[in-house]
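Naming convention: chains lettered A, B, ... in sequence-line order (proteins, then strands); numbering from 1 in each chain. The structure displayed is predicted, hence computed values, not measured ones.
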Number of protein chains: 2
Amino acid sequence: MAKYSVLYNKIQKDIEDGRLKPGEQLPSEKELMDEYDLSRDTVRKSLSLLVTNNYIRKIKGKGSFVLEMNKFDFPVAGLISFKEMAAKTGMTSYSTEVIRLQIQKSATFPTKALDAQEIHSIWEVIRVRTINGRRVILDKDYFYQDVVPELTEEISSNSIYEYLEQNLGLKIGFAQKEIVMEKATAEDRLLLDLYDYDMVAVVNTLVYLVNGKLFQFTQSRHCPDKFKFIDVARRNTP
Amino acid sequence: MAKYSVLYNKIQKDIEDGRLKPGEQLPSEKELMDEYDLSRDTVRKSLSLLVTNNYIRKIKGKGSFVLEMNKFDFPVAGLISFKEMAAKTGMTSYSTEVIRLQIQKSATFPTKALDAQEIHSIWEVIRVRTINGRRVILDKDYFYQDVVPELTEEISSNSIYEYLEQNLGLKIGFAQKEIVMEKATAEDRLLLDLYDYDMVAVVNTLVYLVNGKLFQFTQSRHCPDKFKFIDVARRNTP
DNA sequence: TAGTGGTCTAGACCACTAA
DNA sequence: TAGTGGTCTAGACCACTAC
C-alpha cells in the first residue's frame, strides 16, 4: 500500500469512527510529516484526497478541519450497492428476491447504452428489494457476458458487486446516473408495494470499469415515498 | 493565475470545444513539460484535476485519454444554476417569474438546516421557471440576510448566483442535495402546469461558502415529466 | 512575527504497457 | 526494451491568518 494511502485511510477511519470530530482541526502538515515520517508532498497528497472526498477542508493560513456533513440522514456518496447501503444505514430487516436470471441476445438492453451495434450476450438480472416487509425497489441489471461469464441465483441474492470485485477482480471505475420520474408500469404494480402511488423514481446507471469499458446497465425503480438520493456537489473543483 | 490552472483550463477548453475528441490520447507528461516549460509535478497537478472532474482518464504505461461521456443528454455535473443550465443546453425559450420576495424571521426556514436556534433575518425568494411556455419548476430560496444584505426583483429574475459571485464576491464552496418525490401541494398545482400529475420531484439543497458557512437553503419542485438529474460517481477515488 | 497551507521545481525509483 | 504514468523526496518561495 502506498504511503499516502496509509495516512489517508488512517485519517478517514478516525473521522468515520468519531475519533476526529466535525469541526476539529487536524495536525498541521508539518506535524503529520514528523509523526509519520513522510515528505510534505506525500502528506499533502493524503489530505488532498480527503478534500476531494469531502472529509475535510483546508483553509490557507489556518489549517485543515473535519467537515460537518452530518445534517443528512445517510452518507451515500455516489456509487454504492444495496448491500453496502443496508450495512451503512443499519437497516434491520431487508431481503432480495431474484425474479429473473437469464441470458439474452441484447434484446432489451437499452440501445443508447450500447457502444456499437455489435451483438452481445447479456445477463439479465431482475431483483426485488424488500425493506421492513415492504417491496420497495425493483432492480433490473444487465451485464455483458464476456465480462461476467457466470452468474447464479445465490450470487444475485447476495451482492453482485461483492462477487465482481472479490471473485472476478473487476475494478469499477465510475458510473453515470440519471434520475427521472416515470408512470408506474403494470410490472411495477405487480412487483412492488406501491399502494396508491402511480409513479416511480427511476435511476438509470451506466457502470464503467477503470479501463473505461462499459460493462453494466442498471435500472432501479423505487417506490416514490421510499426514495431518497443524496449528492454532494463541489463548485469549480479547482 | 497558477501555472497548473493555465494548463488545466487550456486542456479543458480543448475538450469542451472539440479540439480534443473523446478517446483521443493527450500528449505524455514529458511532452507537456517541454511544450509548456513546466515541471512534471505541475503538469501532473493539472492532469489530476482533469481526472477528478471527469474530463480524462489516465492509464499507467499507456497515457492519458479524453473520456467519452457524451452518452447523456446534458452535462450537469453537480452544482449549476438555472441560468447556467439554460445556457449549456441551449434552451430556446425560458423565463423566470418572481412570485414572492421578502424578509422573514426564520419562520419557514427548515429547522434542520439551521446551525443553532439563533434568530436570523432571512430572505425568502419564490420563483417559477417557465420553459417553452410551460411552468415546470417552482424554486424556493432562503438566504441569511447577514450574508446577502440586499436582493431585488431584478436580481431575482435574472441570476442570483451571478449576483452573489460577481457583485458580492461570495465564493460558493459546496452543496448537499437531497432528491425525493412528494405529493403535489395545492401551491404546486397553482403555480406549475402539472397537467394530470399528482407528484413532484423535490430537490433540497444546502449551499455552503468555501469557508464552510451555510448560507442558503433551496427547495426546487419540478414537474415529474420534466425532471432529470445527472450524476457522475467515482468509486473509491483513491 | 510565526505558523499555516499553496505552488513549483529537479531528481529519483518503481510498475505497467507495448513492440 | 523504451515509453508511459505512479510514488516519493528535499528544498524553495509565496500568500494568508493570527497574534
### Query
Is there a Watson-Crick or G-U wobble partner for D:dC16 with both distances under 3.5 Å, and which nucleotide is it?
C:dG3

### Query
Are any of the side-chain heavy atoms of B:Gln216 and B:Asp141 separated by less than 4.5 Å?
yes

## Note on the structure
B:Arg44 has its side chain closest, among C:dG6, C:dT9, D:dT7, to D:dT7

### Query
Does a nitrogen or oxygen in the side chain of B:Ser64 sit under 4.0 Å from OP1 or OP2 of D:dT4?
no

### Message
Can you tell whether the side chains of B:Lys30 and B:Asp34 come within less than 4.0 Å, N to carboxylate O?
### Response
yes

### Query
Between atom CD1 in B:Ile59 and atom C1' in D:dG6, what is the gap in whole Å?
14 Å

### Query
Taking atom P of C:dT9 as reference, at what distance in whole Å does atom CG of A:Asp41 sit?
13 Å

### Message
Between B:Tyr142 and B:Gln219, is there a side-chain donor-acceptor contact under 3.5 Å, judged purely by atom types and distance?
### Response
no

#### Entry: Heavy-atom side-chain proximity of A:Lys140 to A:Arg100 below 4.5 angstrom
no

### Message
With a cut-off of less than 4.0 Å, is there a side-chain N or O of B:Thr42 near OP1 or OP2 of C:dT7?
### Response
no

### Task
Calculate the interatomic distance between A:Leu32 atom CG and C:dG5 atom C1'; express it in whole Å.
12 Å

### Query
Would you say the side chain of A:Phe217 lies within less than 4.5 Å of the side chain of A:Thr205, judging by non-hydrogen atoms?
no

### Message
Between A:Lys62 and A:Ala2, which residue's closest nucleotide on DNA chain D lies nearer the 5′ terminus?
### Response
A:Ala2

#### Entry: Value in whole Å for how far the C1' atom of D:dA15 lies from CD of A:Glu29
14 Å

### Task
Using only side-chain N and O atoms of A:Lys45, determine if any of them is under 4.0 Å from OP1 or OP2 of D:dT7.
yes

### Query
With respect to the phosphate group of C:dT7, does any side-chain polar atom (N or O) of B:Tyr4 fall under 4.0 Å of OP1 or OP2?
yes

### Nearest-angstrom distance from the residue atom NZ of A:Lys30 to C1' of C:dA2
13 Å

### Query
Rounded to the nearest Å, what distance is computed from the CZ atom of residue B:Arg40 to the C1' atom of nucleotide D:dG3?
11 Å

### Task
Find the distance A:Gln25:CD to D:dT17:P and express it as a whole number of Å.
14 Å

### Task
Could you work out which one of D:dA10, C:dA15, C:dG5 sits closest to the side chain of A:Ser39?
D:dA10

### Query
Which of the following nucleotides, D:dC8, C:dG6, C:dC16, is nearest to the side chain of B:Lys60?
C:dC16

### Query
In whole angstrom, what separates B:Lys3's NZ from C:dA10's P?
9 Å

